[in-house]
Every structure is written in structure tokens, then in C-alpha cells.
2 protein chains.
Amino acid sequence: MDEIDWSILTQLQENSRQTMIELGKKVGLTSPSVTERVRRLEDQGVIKKYGALVAPEKLNKRVTAFILMEPKDCMKYVQFTKEQPDIVECHRIAGMYSYLTKVVTESVHTLEDHINACLEYGKPTTLIVLSSPVEQKAITPSVNE
Amino acid sequence: MDEIDWSILTQLQENSRQTMIELGKKVGLTSPSVTERVRRLEDQGVIKKYGALVAPEKLNKRVTAFILMEPKDCMKYVQFTKEQPDIVECHRIAGMYSYLTKVVTESVHTLEDHINACLEYGKPTTLIVLSSPVEQKAITPSVNE
DNA sequence: GATATTATGGATGAAATCGACTGGAGTATT
DNA sequence: AATACTCCAGTCGATTTCATCCATAATATC
């Protein structure tokens, strides 16, 4: 992991669909060299996957919410989150509550359905997202490296 | 937006670095047709960007946390979240608190520094992430479409 | 049935990939 | 300390694969 690798990572977080030639120009290498470095970053698991970021509101998903949960049975709740298509993230947390779950759904109606479904597993506290001033910032190197 | 577009979206959320030929085989179209559909999805803003998902723990970022904030001055706090490199998401929320912010940082020490920095803007409540059973599920069509 | 939209096929240009080669850093040998 | 050896990362050039463009065909719409 040198600063060229960081430069590659930053670039790919911003745009994963760019040619190795473009990427090479930005980081000062030829395309085979960049390809080799990217391959190593993938093998090391530094790059986990390449994905497309979509706009939920253009796909009839107009409500995003975070749900804080205190489930009675953690295993069953985790299973539930994996099966629910509207749940896009689920984090086990320390502090107040045990889980923080992100839901992207059609409307407040479907959100209510979702919350009702949650009630079987515990006590949900719902935080509806109004806007997202910071959506997906790239991970950058810490100052000392 | 027909089911072929949805199929394309699902595929690209899973892997944005695949050739239009591969994608075409999966959705039953030739590569120029797929390219045209992808171009339209991009133009419509359905696809916002293509990114690489990285593993923070392999980049010396071993602590992830969500911070619930009740800032005194919202504008100043939003500005702060945009400038802080460790903040990767920030959502304005309804319900308890006004903001939910995601932080990816080196250690509990740097998290503490971050929390101290937050104190200038309001009262932070920190939820440290222990694990993420669901990391980044793809957005899929609602049942009625 | 006319028209607009979307898909296909083939040709062209660009990018990815592979192998051979080069240069430099580090290490061992004398 | 100088020389030679090894290893690693990069470059270059050739080949294969892919993206793009355009003309044409198929499909859907009214």
C-alpha cells in the first residue's frame, strides 16, 4: 500500500468504470501496471466489489429510514434482515440498542408494514431520512500514511 | 423501466465492472442494446455513479460508528461533515435527533478525537459498529412492478 | 397500415491481456 | 568494498477481446 495504491483506490471509489489507461494517466503508470496493482488490491480483499449506486427515488422508493432495534432473539432478527428485500444494511452496534438497520422502501405505508413486521422481533425505533447532505464519501488515507 | 432494466440494474449493483457482452448474455440482449439501455439509465439519473467498495479494516480503519447529533447550528454542522475526511455519510433525519452520521476511522482514539470535535456543534450520541450482517444489499423492484 | 422505438449484425477503433524484456533495489559472495 | 545474482515492478509490443457506430430489421403504438 503506497500512495499510488491510494490514488488508485480513491479513483475507483469515485468511478469504477474507467479504463486502465485513464486510470494509468491519473496515477502515472501504464495500463498493464495499473491492472496488476488493481488485481493485487482485489486479491488482498482491499477492494471488495464494484457496484452501481442507484437513485431510489427514481425507482419508486421514496422513503429511506434507519431503524434502531432491540430484538428479543438476535439470530432470528438477523435472518429477517437478510430476507427482507427492503433492508439494504444491518449493523450490530454497541451503545443504545443492538442493531441499526437501513430500509429503502416505497412509501410511508410500506414503511409502516415493515415496522409492523419488525414488531415480531422486538422494539423498533424509526428514524426517517429527510435528506442526505453527505451520501457516499470515499475512504481516504489517514494522515500518518 | 421494464424488467430488463431492473435486471441490468441488479447486475450492475452486484458488479459494475463487467463487459456489456457479459451483461447482455445475462439479460438476453446484444451488447449494443445493453449499452443503449445503460446509457439511458445513466441519463435519467437512475444510475448515479459507479464505485468500488473497499474494506476499511484493510486500510487501517478499524472502527466504524454512527453518531446521532442534535446540532445547535445545522448549517455549520453539515459543513463540518463535508470537510471531515472520516465522515463518509450524513443524513438529516426526523424522529429523535436531527442527524445520523457515519464515521470510519482508525481507532477508538481517533474516534474520541472526532467526538471531541463534534462537541463544538452539539451533543453527539455514538453507536459503535461491532459487525455488519448486511453490508450493501442491492435495491430490487417492489412487488407491484 | 404508418410511424416511432428498440434490437440486431457487421465493421472499425479502442482497450485489456499476455509474454518478453528492462532497470533498479536488495543481498550474497568473494 | 566491488561484483554478481536475484527479485520485483514497470514498460513495450503483439494479440485478443470489447465498445462503438451505422445501416438495417423487428416490434410495438396509435
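Chain letters run A, B, ... following the sequence lines, proteins first, then strands; residues in each count from 1.
- By the 4.0 Å N-to-carboxylate-O rule, Lys61(A) lies close enough to Asp86(A) to be salt-bridged with it.
- A donor-acceptor pair shorter than 3.5 Å can be found between the side chains of Thr101(A) and Tyr77(A).
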Shorter than 3.5 Å, N or O on both sides, protein versus nucleotides 5-9 of chain C: list them out with atom names.
residue	atom	partner	partner atom	Å
dA7(C)	OP1	Arg37(B)	NE	2.9
dA7(C)	OP1	Arg37(B)	NH2	2.8
dT8(C)	OP2	Thr30(B)	N	3.0
dT8(C)	OP2	Thr30(B)	OG1	2.8
dT8(C)	OP2	Ser33(B)	OG	2.9

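- Summarising the geometry, the separation between CD on Glu22(A) and P on dA14(C) is reported as 13 Å, rounded to the nearest angstrom.
- Within a 6.0 Å radius of NZ in Lys76(B), no more than 12 heavy atoms belonging to other residues, nucleotides or ligands are found.
- Ion pairing between Glu42(A) and Arg39(A) fails under the 4.0 Å rule for side-chain N and carboxylate O.
- The two atoms that bring Tyr99(B) and Ile93(B) nearest to each other are N-CG1, 3.8 Å, heavy atoms only.
- Of the candidates Glu70(A), Met69(A), Gln79(A), Met69(A) is the only one forming a side chain to side chain contact (heavy atoms under 4.5 Å, CB included) with Tyr121(A).
- Annotation for Lys25(B): atom NZ does not count as buried by contact number, only 12 or fewer foreign heavy atoms lying within 6.0 Å.
- Shown here is Lys48(A), whose NZ atom has more than 12 heavy atoms of other residues, nucleotides or ligands within 6.0 Å.
- One atom, CE of Met20(B), and another, C1' of dG13(C), lie 17 Å apart when rounded to the nearest Å.
- When DNA chain D is scanned in the 5' to 3' direction for atoms under 4.0 Å from non-hydrogen atoms of chain B, the outermost contacting nucleotides are dC18(D) to dC21(D).
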